[in-house]
Amino acid sequence: MSATSGAVGTPSLASRLRQRYPLRSVLLGLAAPLGAVLFALLASSVILSLGGHSPSTVFHTMLKQAGRPTSFVDMVNQAMVYYLSAVAVSIGFRMNLFNIGVEGQYSLAALGAAYVGGQLTGGGPLHVVAEVLVAVLVGAAWAGIAGVLKVTRGVSEVISTIMLNAIAVGLGSYLLHKLGESSGNNIRTKPISGSGQVPGLSYSGTQTKIFGFLFVAIAVGVAYWFVAGRTRFGFRIKATGLNEQAAVASGINVKRMTLLAMLMSGGVAGLVGLPELLGQTHTFSQTAQSGLGFAGIAIALLGRNSPVGMALAAVLWSFLGKSANQLDFIGVPREIAAIMQGVILLSVVIAYELVRRYRLVLQQKDVAAQLAEVPAAPVSQAVTA
């Protein structure tokens, strides 16, 4: 009796999921990214056919290349870095802040972490903690400059972060020459000792290891999901981004939230360079990987600021980049992968807008149907004077 009443009184997990995520909403959410990918495949096939190449051969070669152990590990490592960059960008997106400065933030943060890590010896796990802490603080401080300029002087974060990127390049080069050491034709920081390195994860069939920073990237994604969707702070960030005037009317300190969002975005951006630094190179040099910040913008847009969506977008972006290396051997320019990335990004923006408009049409029809189901009120008798 009690079991039956409990089953009746408490909805099942499946019913709760259906209530929270209706099937129509899920299908509409998947329509835009899947449609964009399919359109990119179609457009790429047309381009390849016009160039005299077989689309099926090209796509088969890319899939085969990605399935090789070494390529697969490289793809996972690159996707990890892309994901951290996308999370940093998406924090700003939730407040309608366009943080284009992730590039400069992570480069200075990686330089700072590499220098501190090279100076420290021993310490065990505290060595790695110090490096991560320095990277987060440097990234947050560099992003905080744009945040302070916006809340105090109304300077657009787009302009300030672009300028800060340029400054970061010059400042980073200057500091590297002052603090680094010569290594052939290159200049690098002092190598990080073993206690400051993060061990990698072995993968069958290759000596290349998956960066141990993978667990940190997963933790960042989980923390982002929880803070953005399950806390009052995350609600305030979203509310401020949707309607600043309404947020002010509800008592939200918009300037404070803007500054905090920029600091958080910069702090996560500071982690972008650490997977490769602590897991492979163990030093920062002039040949450090660049362009990760701008890739993060594209991935955040493609993943629609969703933790899972950005993870899938990062894997797709990494797959296109890494699998294209084999195309030169079959006489196909590897730039076809860049074309696919660009087409996917352009088409997904258009697809999201089309889905948004279609969703509004469906909502209007639902409201009209609900109003039609409401019985008409009886005509009241005339009121006599």
Side-chain angles (χ1 to χ4, degrees), residues 81-116 131-175 216-217 219-221 223-224 227-228 233-234 236-238 240-241 244 253-275 277 284 288-301 305 307 310:
V81 176
Y82 284 156
Y83 182 69
L84 290 172
S85 179
V87 172
V89 173
S90 66
I91 293 174
F93 278 170
R94 283 188 167 267
M95 261 197 72
N96 275 340
L97 296 174
F98 207 175
N99 181 13
I100 308 180
V102 171
E103 189 76 17
Q105 292 154 20
Y106 88 78
S107 61
L108 286 181
L111 173 60
Y115 176 75
V116 171
E131 294 165 342
V132 173
L133 185 60
V134 168
V136 171
L137 292 177
V138 172
W142 199 249
I145 298 175
V148 171
L149 290 175
K150 184 173 182 65
V151 300
T152 59
R153 293 293 181 265
V155 179
S156 170
E157 75 282 357
V158 175
I159 297 175
S160 59
T161 51
I162 289 176
M163 295 298 101
L164 286 170
N165 274 342
I167 296 173
V169 172
L171 180 60
S173 179
Y174 171 78
L175 292 176
V216 178
V220 169
Y224 171 77
V227 173
F233 179 78
R236 289 179 174 178
I237 285 182
K238 185 176 181 179
T240 305
E244 186 173 318
N253 189 332
V254 174
K255 290 186 176 181
R256 178 173 176 270
M257 297 302 295
T258 299
L259 182 58
L260 287 176
M262 286 300 296
L263 290 174
M264 291 175 61
S265 179
V268 176
L271 301 174
V272 173
L274 295 190
L277 173 67
F284 185 88
Q289 192 175 14
S290 61
L292 301 176
F294 300 110
I297 297 174
I299 293 168
L301 290 172
N305 299 329
M310 289 187 294

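All values derive from a computational prediction rather than experimental measurement.
- Shown here are the side-chain contact (heavy atoms from CB on, under 4.5 Å) partners of Val216, two or more places apart in sequence or in another chain: Phe213, Val220.
- Considering only heavy atoms from C-beta on, Lys238 stays 4.5 Å or farther from Phe233 through its side chain.
- Under the 3.5 Å distance criterion, the side-chain polar atoms of Glu103 are left unmatched by any main-chain donor or acceptor of Asn165.
- Glu157 places no side-chain N or O within donor-acceptor distance of the main-chain N or O of Ala146, the cut-off being under 3.5 Å.
- Annotation: Phe284 is not in aromatic contact with Tyr115 [ring centroid separation under 6.0 Å not met].
- Applying the side chain to side chain donor-acceptor pair (under 3.5 Å) test to Glu244 and every residue at least two apart in sequence or in another chain returns nothing.
- A 4.5 Å side-chain heavy-atom check between Ser90 and Met310 finds at least one atom pair inside the cut-off.
- The two residues Ala143 and Gln105 make their nearest non-hydrogen contact at CB-NE2, 3.5 Å.
- Partners of Arg236 by side chain to side chain donor-acceptor pair (under 3.5 Å), not counting sequence neighbours: none found.
- Every side-chain contact (heavy atoms from CB on, under 4.5 Å) that Leu133 has, sequence neighbours left out, goes to Leu137.
- Remark: Ser265 pairs with Ala88, Ile91, Asn99 by the side-chain contact (heavy atoms from CB on, under 4.5 Å) rule, at least two apart or across chains.
- Legend: residues meeting side chain to side chain donor-acceptor pair (under 3.5 Å) with Tyr83, ordered by chain and number and at least two apart, are absent.
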